[in-house]
Amino acid sequence: MATVALTGDTFWDTVKSNEIVLVDFWAEWCGPCKRFAPVFEQASEANLDIVFGKVDTEAEQALAAAAKIMSIPTLFAFRDGILLFSQPGALPGPTLAHLIGAIRGVDMEDVRRRVAAGEADGAPSEPGTAPSEA
């Protein structure tokens, strides 16, 4: 599956309606973003069950601000609508593959229990607000 462009109108619907969503916040002028793009694209082709979304921070400034993006590229990983990972910086292919494996292996019942108990950060905010940092 190719990567999909996400906008303020499609971001939360995409996150909430798919089991695993990885989001790359990027900009055309960003050198590290350009180097990370083929790594992200290759991962999308190798993991057809995962949605790989891209947010152009120049075109989607309100969404980037709501997500509190301070540096690009920044990668978010959601599972079952819960933000499990948020980190700036381009990841090498093997590290991204390891992250994907870790996201797949998370005990989501435990995460939901912890989120409900207020022990874990990461429940997605309502549309129009920033996701919590994981």
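What you see is a predicted model; the values in this text were computed from it and never measured.
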Answer yes or no: is there a donor N or O on one side and an acceptor on the other, between the side chain of E60 and the main chain of G8, under 3.5 Å?
yes

Beyond-backbone contact of R112 with D80, side-chain heavy atoms, under 4.5 angstrom
yes

Shortest non-hydrogen separation from D24 to P73 and the atoms involved
OD1-CB, 3.6 Å

Exercise: identify the closest heavy-atom pair between S44 and L48
O-CD2, 3.8 Å

For residues 88-105, dump all side-chain donor-acceptor pairs below 3.5 Å to protein atoms at least two apart in sequence or in another chain.
from: R104; atom 1: NH1; to: D49; atom 2: OD2; distance (Å): 2.6
from: R104; atom 1: NH2; to: N47; atom 2: OD1; distance (Å): 2.9
from: R104; atom 1: NH2; to: D49; atom 2: OD1; distance (Å): 3.0

Minimum heavy-atom separation for S86 and T74, please, with both atom names.
OG-CG2, 4.4 Å

With a 4.5 Å limit on heavy-atom distance, are the side chains of V4 and V51 in contact?
yes

Under a 4.5 Å side-chain heavy-atom rule over Ile, Leu, Val, Met, Phe, Trp and Tyr, are M70 and L83 clustered together?
no

Heavy-atom side-chain contact between L6 and V23 under 4.5 Å:
yes

Shared ILVMFWY cluster between L22 and F36, side chains joined below 4.5 angstrom?
yes

Does any non-hydrogen side-chain atom of T3 lie less than 4.5 Å from one of K54?
yes

Any side-chain heavy-atom pair of V15 and F78 under 4.5 Å
yes

Residue pair I50 / V21, side-chain heavy-atom distance below 4.5 Å
no

State, yes or no, whether a side-chain contact exists between L84 and V106 at a heavy-atom distance under 4.5 Å.
yes

If you measure from CD on E28 to OG1 on T57, what distance do you get to the nearest 0.5 Å?
10.5 Å

Are the ring centres of F52 and F40 closer than 6.0 Å?
yes

Determine, step by step, whether F76 and F25 satisfy the ring pair (Phe, Tyr, Trp, His ring centres under 6.0 Å) criterion, reporting the C-alpha distance in whole Å, the side-chain angles of both residues, the deciding distance to 0.1 Å, and the verdict.
CA-CA 8 Å; F76 279 9; F25 289 85; 5.0 Å; yes

Any side-chain heavy atom of L75 sitting closer than 4.5 Å to one from F85?
yes

Please check if the side chain of D56 supplies one atom and the backbone of E58 the other of a donor-acceptor pair under 3.5 Å.
yes

Is a side-chain N or O of R79 found less than 3.5 angstrom from the main chain of E19, in a donor-acceptor match?
no

